[in-house]
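Quick notes on the structure that follows.
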Amino acid sequence: MQISKRISGLLGGGADAWALFFRSRRMIAAGMPVTELTIGEHDIRTDPSILAAMNTAAMQGETGYAAIPGSDALRDTVAKRVQARTGVATNRDNVLIVPGGQSGLFAAHHATLDEGDTALFIDPFYATYPGTIRGVGALPRAIATRPENGFQPQEADIASAAVGARTLLINSPNNPTGAVYGPATLEGIARAVIAQDLWLISDEVYDTQVWQGRHISPRSLPGMAERVLVVGSMSKSHAMTGSRIGWVIGPEAVIEHMTTLSTHTTYGVPGFIQEAARFALDAGPALEHDIAIPFARRRSIALDLLKTQNLVKAIPPEGAMYMMLDIRATGLSGNAFAERLLDEALIAVMPGESFGNSAAGHIRVALTIPDEAFAAAFSKLLGFAASIAK
Ligand code: PMP
């Protein structure tokens, strides 16, 4: 029996980006005291007040089929939020509720690409990006960025890659690099995208985690609202990773088109989850701040510890819940460093190479364990780097 190439091709045939993560999970299952600084999962759970709202909604009967583009109430809440944060006129017809940002990324590419079209993305990239593009039958084309530029994409690189392409996917604040795209970067992106008549898909799932500068949505730049699809999520902002809820914002006609896709794939998001999301968004910025602030604290802890040595270098993350460390001075690749760190120091991090060629010689450290344990693990990591460099 044959299985589809469309799905077997999702992984792209390269080395499995998650191999080290799965190895660390196996070590933990075998009882080894591994400290995990791998995936983007908070060390707190969803706030009990949100769970209570979820429970109330379910008990009140929100357990049947829900409206496929999302409930009017949640779409209104999301539209109001997006308008308040970006200044761009937004109403419920610009909002599609989806089961998480990943589902939104898939839907956005499905809505804008045909078989064989070329889709651009920025390297380093979140691990699912090329597979998401291949999954809709399109051809991924990476645009490299450089640590010397703080991993901000350059207009000339985008402009030359954009010829013949149909979409560009960007992510700010960025996973894995922590880059927050400033006005100059975004204006360059907008010019390149308009010149080649591309769709811009903007993954903004970390928009509440900004430590330096401010988050700008490219949808707010002149002439962009009609060609931008924004992907948002409650996963990171509200510690709701397991609830699987997010949205896509875009022109009405595209949202309508994507509603047809939802009818044939997800058939909507459970009503009680939508009500929990509405409650969480209505709770306002204080809750989001409380969820984000531990990452800012651990970022400072790491930056202070880095000052005690000059072997390992960081590009100080401007946002998101990770830190990229340049470990090239140890003479090891990101992969080799991460493998040895796991075996010899029992600390699991992601090799930069998991996120593309542009992150080679780096590792990504997630800021996702309690402060004291984080400080101890980070010091141990620096000590390990020093011991190999000797
Ligand atoms: N985009 C980026 C950049 C991410 O890091 C993640 C999750 N780690 C997602 C999208 C998907 O998140 P979710 O589906 O939980 O919203």
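Index from 1, following the sequence. Atoms within a ligand are numbered from 1 in the order they appear, just like the ligands themselves.
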- Note on the structure: closest protein heavy atom to atom 15 (O) of ligand 1 is S235 OG, 2.6 Å
- Item | Side-chain donor-acceptor pair present, R364, N175, cut-off under 3.5 Å | yes
- For E353 and A360, indicate whether the former's side chain and the latter's backbone hold a donor-acceptor pair under 3.5 Å. no
- Query: Hey, are Q102 and T128 close enough side-chain-wise for a donor-acceptor pair under 3.5 Å?
  - Reply: yes
- Only heavy atoms count here, so choose which of Q102, E41, M240 is nearest to atom 11 (C) of ligand 1. Q102
- Message: Give the atom numbers and elements of ligand 1 that come within less than 4.0 Å of a heavy atom of S233.
- Response: 13 (P), 16 (O)
- Message: Distance under 4.0 Å to a non-hydrogen atom of K236: what atoms of ligand 1 satisfy this?
- Response: 7 (C), 8 (N)
- Note on the structure: Interatomic distance, CG@D203 vs OG@S233, rounded to 0.5 Å, equals 8.5 Å
- Note on the structure: If you compare Y322, Y126, W247 by their heavy atoms, the one closest to atom 7 (C) of ligand 1 turns out to be Y126
- Which atoms of ligand 1 are found less than 4.0 Å from any heavy atom of R244? 13 (P), 14 (O), 15 (O)
- Task: Please state whether T241 comes within less than 4.0 angstrom of ligand 1, counting heavy atoms only.
- Result: no
- Item | ligand 1 to L105 polar contact by distance, N or O atoms, under 3.5 Å | no
- Message: Taking 4.0 angstrom as the limit and counting only heavy atoms of N171, give me the atoms of ligand 1 inside it, by number and element.
- Response: 3 (C)
- Is the closest basic N to carboxylate O distance between R146 and D157 below 4.0 Å? yes
- Distance from atom 1 (N) of ligand 1 to nearest protein heavy atom, with residue and atom: D203 OD2, 2.6 Å
- Message: We want to know whether N174 and Y322 form a side-chain donor-acceptor pair, criterion being a heavy-atom distance below 3.5 angstrom.
- Response: no
- Between E288 and S237: side-chain donor-acceptor atoms closer than 3.5 Å: no
